[in-house]
Amino acid sequence: MSALAKYCVLCGYNVSGSDEKNVRETCEFLSCDCKLFTGHSAKNVKNAEAVIYSGAIDDNNPEIIEAKGKNIPLIKRSELLGSILKSYKNSVAIAGSHGKTTATSMLVHVFERANKSPLAFIGGEDKKFGNFTCGNGDTVITEACEYKHSFLDLNATVSVALNVDNDHLDCYGNMENLTLAFRRFLSNGIAVINADDSRLKSITGECVVSFGIKEIASYKAEKLCKNKSGGYSFNLLRYGVKQGRINLRILGKHNVYNALSAITVASIFGIDFLTIKRALEQFGGVGRRMESLGYLYGTPCYADYAHHPSEIKASLSAFNVNTKDVIVFQPHTYSRTKLLLTDFVKTLSGVETVIYSTYPARETFDAKGSAYVLYRELKKAGGKTDYASTPHELFYLLKRYEESGGRIIFVGAGDIYQLAKAKSHEKKRK
């Protein structure tokens with residue numbers, strides 16, 4: 001939402017906004033004097049000519065009710081984004097249950113390296129661009145969220161699907177509906193798909209371009225190995241012809257797939273291999289993605305945005321977690337925890353954990369999907385785990401890992417990141 005606010009300001013509109021809390025932190029990168037409200041209230045929309053709202057907002061929101069009562073146009077975030085895409089000659093929308101922020105950010109860096117200066121909306125904080133960059137080229141690049149079918153409002157000239165996993169089933173009901181939505185998203189223009197994803201690989205046609213590691217793909221990575229920086233190196237094959245070797249700085253095999261998606265799209269737009277290689281090899285990642293926070297109680301600490309079992313599994317693998325490490329996990333929404341409880345337990349039972357109180361986001365309390373239920377089930381499964389319901393309890397528990405020789409890794413998409421950053425120190429204290 002803040003990225004769209006920045007865009008509207010640059011277009012000459014007077015912009016105001018509201019959020020439940022931390023609104024100034026949310027909009028800290030706005031280079032203008034915006035009117036910001038903490039909390040939602042009908043008076044916030046006074047004199048507004050239009051109200052833009054995110055998919056997380058429901059019909060009971062007082063600003064939505066006020067806008068309806070005064071016949072003020074209501075525009076979904078995805079609808080506004082879709083209209084922006086239509087105004088550009090070229091548009092790229094990157095979707096996927098996992099990895100879309102990093103893949104989007106990677107592609108923006110490649111385009112910048114090629115002097116194509118795109119307009120870009122990024123779902124996280126890129127270390128160079130933040131969540132928005134307003135280029136002067138003819139291409140717009142955006143992350144595309146599948147929640148509540150939002151990405152179906154984006155008819156891009158190039159649509160990318162990184163993967164399809166069992167997330168957001170609270171609004172899709174089942175995997176069949178979710179997969180069908182992804183297929184609809186890919187039905188416009190050129191479709192770029194992950195050939196290794198079981199739900200995507202069957203999509204074929206003249207306008208389909210694939211990438212992968214295992215299966216036959218238009219753009220394929222082979223001879224993968226870890227490099228000195230801890231990331232992965234690989235040879236790139238373009239339709240079976242070797243192009244050269246790429247050495248990623250960022251950790252995790254999953255980031256090879258993200259890089260392949262960026263390579264595929266950049267190649268479609270005629271960007272040469274050497275430019276792509278240089279951009280990806282210098283890419284330093286996105287905030288909250290395997291980010292080093294410094295030290296907590298003399299112990300190195302990190303943060304990762306992972307909040308789905310598959311993401312957590314990839315994160316644990318990339319960090320190469322061992323018995324000296326502790327994972328602090330904050331579940332994100334009650335519905336996700338309830339629906340995927342078995343998978344969460346399976347993923348986390350093999351490592352030492354501290355489970356922290358759920359970040360509810362858009363939801364109200366549901367005891368069956370609470371963080372405490374996850375903690376209890378981990379205990380039953382024999383996991384070495386603790387539970388904290390408040391920041392005070394959490395950091396009291398973490399004090400035991402002082403100078404432990406391991407790492408404290410904060411995992412989750414909620415406010416656990418802000419808590420960890422506030423307590424950690426850049427340098428190890430004597």
Keeping to residues at least two apart or across chains, list the salt bridge (Lys or Arg N to Asp or Glu O under 4.0 Å) pairs with something in [range].
range	answer
residues 147-158	Lys76-Asp153
residues 352-361	Glu352-Lys384
residues 289-308	none

Just jot down the ring-ring contact (aromatic ring centres under 6.0 Å, His included) partners of [X], sequence neighbours excluded, or say none.
X	answer
His98	His308
Tyr396	none
Phe319	Tyr302
Phe132	Phe121

With [X], which residues qualify under side-chain contact (heavy atoms from CB on, under 4.5 Å), at least two apart?
X	result
Ile312	Ala306, Leu316, Phe329, Phe344, Thr347, Leu348, Val411
Arg278	Arg113, Leu274
Ala371	Pro331, Ile355, Thr358, Tyr387

Residue pairs fulfilling side-chain hydrogen bond (donor to acceptor under 3.5 Å, both in side chains) with at least one residue in residues 229-238, sequence neighbours excluded: Tyr219-Arg238, Asn227-Ser229, Asn227-Ser233, Ser233-Asn247, Asn235-Arg245
Residue pairs, two or more places apart or on separate chains, that pass side-chain hydrogen bond (donor to acceptor under 3.5 Å, both in side chains) and touch residues 49-62: none
Pair His425 + Tyr295: ring centers closer than 6.0 Å: no
Ring center gap for His307 and Tyr305 short of 6.0 angstrom: yes
Salt-bridge criterion met for Glu281 and Lys277 (N-O under 4.0 Å): yes
Candidates Leu152, Leu180, Val160 - the one meeting side-chain contact (heavy atoms from CB on, under 4.5 Å) with Phe185: Leu152
Parallel, tilted or perpendicular: rings of Phe283 and His109 (30°, 60°): perpendicular
